[in-house]
Amino acid sequence: MSAVHRTLEGIQASTRSFVREPFTVVLLVVLPALSIQIYGVGMGQFPDVGIFAVSGSVAAVGRITGAVFATGALAGVLGLFQMISARHADRRLAICGFRGVELVTARFATVAVASAVVSVVATVSLIVLVDAPIRAPLAAFGGLAIAGAIYGLLGIVVGSVLPRELEGSLLLVILADVDNVFASGLFGIEDSVTQFAPLAHPHAIVTQAVVEGSLATDHLTPALGHLSLFALLSVAAYTYQLESGGDA
Amino acid sequence: MNGTSEVDHAEGTANRAGETVVSANGVEKTYDSVLPFTRSVEVLDGATLRVERGQVVGIMGENGSGKSTLMGILAGVLDHDAGEVERTGAVGWCPQEPRLYDRLTVDETFELFGTAYGMSDDEIVDARAWLTDVLDFERFRDRQIRHLSGGNRQKVNLSVALMHEPDLLLLDEPYTGFDWETFLAFWDLTEELRARGVGVAIISHIINERDRFDVVYELHEGHLHRQEIGDDDSLSSEPTDDVACERTASFVDETGAGSGQRATAGQEESE
Amino acid sequence: MNRRVTTAVRMGVREFRRTPVLLGLLVFLPAYIIGAFVLLVPDVDVPATIDGTRVAVPMTDFAAAFMTPVTVAILSGIVGLFLVQTSQAADDRLRLAGYTAADLVVSRVGTLGLGIVVVTTASVLVAVFAFTPESIVPFVAATLLVGLTYGILGVVVGIVLGRLGGVYVMLFSPMVDVLLFQNPLATDAPEWTTLLPSHYATNALFDAAFTSSVNAWDFGGAVVYAAALLVIGVLIFYQATDVE
């Protein structure tokens, strides 16, 4: 069997495991729309001026915030569970003939596919639920895809160093929550601080795509910078986990 | 437990040999799915059985035939849809998966379940000393359950069912993971319990052990088929609930009774 | 308390103590969530609705007071879930062994209560570093009520939805309820948000944080809400561990 074939087999097996878990599929379909609506209604209660550092109406920014949060949190937990469920099976697959590089490729490719699917669902939900037509849907998708990829990789990091469903999910969702509040402009925290929040730049890209219909090029480089940083961190964490025998 | 009171207790209960400690009549159980477009699974369809004091009863059947479901119903931890179950005296239940608190130590597990059984501190200490000695896991007493090997976890699982000297003992594959010495110790213990008048029902896959049982029930298509082991080692062709049912060829050795080699390979696997 | 209850509570606390990562998170996360906002929000006054009146409060004080119930709600819910997860596997066996439903319920509620006290203590300690509530005792009491409400919800959700579903509902719902819909900065909150679990308890908490008066109506509502949830929780727990 060729390396490509084996890698594809690995991705297919992970995808099947995912699809056969009804709860995660329901979460994938429902959470983005629910999050967009709840954040839209939730932020719509606040006065439009004076409190928040947001561009556009707070209700619209609320929906964008809901979409970014759902994408990040979902991709993150999928990455986390991918790592938890795969840690013992991966060693067995290695014994059965999978090479280390094929396993790494299969795991990261699966997380990438999952993040992309989450981003597509979130983009479609946003297009349907936001009041005015989105003039730059591809840019909006790009922003959400970066958010999903960053958190998918963060899920790999957390899953490698803290491979527990309860504790890992708790840490990941709290990180996503706080990150998202920073990114959304709630509480008006200064840009010099929020620029370090991983979701801040993807949030800005989606906001500009929805509100102004253009690509926020000034946020693209830092967003990709965050993505690269988390890619390095996740490879390091995954390698550490493989080398430590998966018992971290 | 050791001591004079035990002997008295043993004599007292042994004198009541023949008394039924658990009986099930026409028990039915179906697992319904909450999801649409998925099928319900009928597991028990009029299962009938009886266990007497001082009797060791084997329950056998193919993987997925519903033996553990039957055991859960006999223990009273699982609802059934129809039929009657009657128990007499204290019950000891050893489920297939050790249902214990992972982060408690062996000592703490004895303390918690001993308290549940209403035992005094001294009685708990005695029971713990007896069982850790007989099953040989004394040195793991301060270890948390989650850190025990599968076999040692199973020893704790069995001990929790035994520690209060029940009148009825329901054991679901109790020796999974045991080493040979512990396996033999388990059967010695079972003989001791039989002598004391405890009614014991054991789910087993190891057909070589058939001769250790007084009665064997085979669960097939929701019905139980009863077979006395002993002088007349014949199997009733009719199920205990008088419902016609296709028999498993593997259960009956066509070449003669009592040879003890009647299993298919599949029956030796763990469920 | 009878011997069975004290033994079960003692064992429950030991199990909890043997989860160092979870305990570490329960202590670290209040510092992270409350501390991060207190340190990072701008030094301005914001208009908040307290006891029906619009008043200006410093943003740092507001962040400390507001993030306290958010944190306590999330962490108490997780404690409730953890309790269900660790005990559910063997609670029916314990019932079969002789524990009555009442013994078990009192034991688990006792353990839950201790967990909520830990979470509340950690969160309030971080909060009072940043600001001094006008009425400290009612502030702590209201925080405990938020914890109790979400702790019981964690138990109920854990039994009904299971491990994975429970984790997600208990991670998302406090954010939605407390952070978004009980936010005193809101000027146009929909009427239905008053039905959400933390409504009365957070109202009582903000009153205690920024006024010297105690709103008995809010405290009463919070107690009734928590008591009603407790009854539902006991019924569901009883059903889940029922033996013949």
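Reckoned from all heavy atoms, side chains included, excluding hydrogens, waters and symmetry mates. This is a predicted model, so every value here is computed, not measured. Chain identifiers are assigned alphabetically (A, B, ...) following the order of the sequence lines, protein sequences preceding nucleic acid strands; residue numbering begins at 1 within each chain.
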Using the side-chain contact (heavy atoms from CB on, under 4.5 Å) definition, which of the options C:V84, C:I78, C:L83 pairs with C:L81?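 In the set C:V84, C:I78, C:L83, the residue that makes a side-chain contact (heavy atoms from CB on, under 4.5 Å) with C:L81 is C:I78.
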Treating C:N183 as the side-chain partner and C:L179 as the backbone partner, does any N or O pair qualify as donor plus acceptor under 3.5 Å?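 Such a contact is found between C:N183 side chain and C:L179 backbone.
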Looking at A:Q37, is its backbone amide N or carbonyl O close enough to the side chain of A:R63 to form a donor-acceptor pair, meaning the two atoms are under 3.5 Å apart?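 No: the side chain of A:R63 does not pair with the backbone of A:Q37.
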Which answer fits [X], side chain, backbone, both or neither, if we ask what part of it has an atom under 4.5 Å from a heavy atom of chain A?
X: C:I74; result: side chain
X: C:L29; result: side chain
X: C:L22; result: both

Looking at C:F82, C:F37, C:F62, which makes the most heavy-atom pairs under 4.5 Å with chain A?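 So the answer, after comparing C:F82, C:F37, C:F62, is C:F37.
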Would you say the side chains of C:H199 and C:T193 form a donor-acceptor pair under 3.5 Å?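 No.
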Between C:D51 and C:N215, is any side-chain donor less than 3.5 angstrom from a side-chain acceptor?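 Note: C:D51 and C:N215 side chains meet the donor-acceptor criterion.
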Side chain, backbone, both or neither: which part of A:F182 has a heavy atom under 4.5 Å from chain C?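 A:F182 touches chain C through side-chain heavy atoms alone.
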Under 4.5 Å from any heavy atom of chain C - which part of A:V26: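 For A:V26, there is no contact with chain C at all, as no heavy atom is under 4.5 Å.
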Heavy-atom pairs under 4.5 Å with chain C are the metric here; pick the option from A:T194, A:D177, A:V181 that has the most.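 Among the listed options, the one with the most contacts to chain C is A:D177.
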Is any side-chain heavy atom of A:V41 closer than 4.5 Å to one of C:F181?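 C:F181 reaches A:V41 side chain to side chain.
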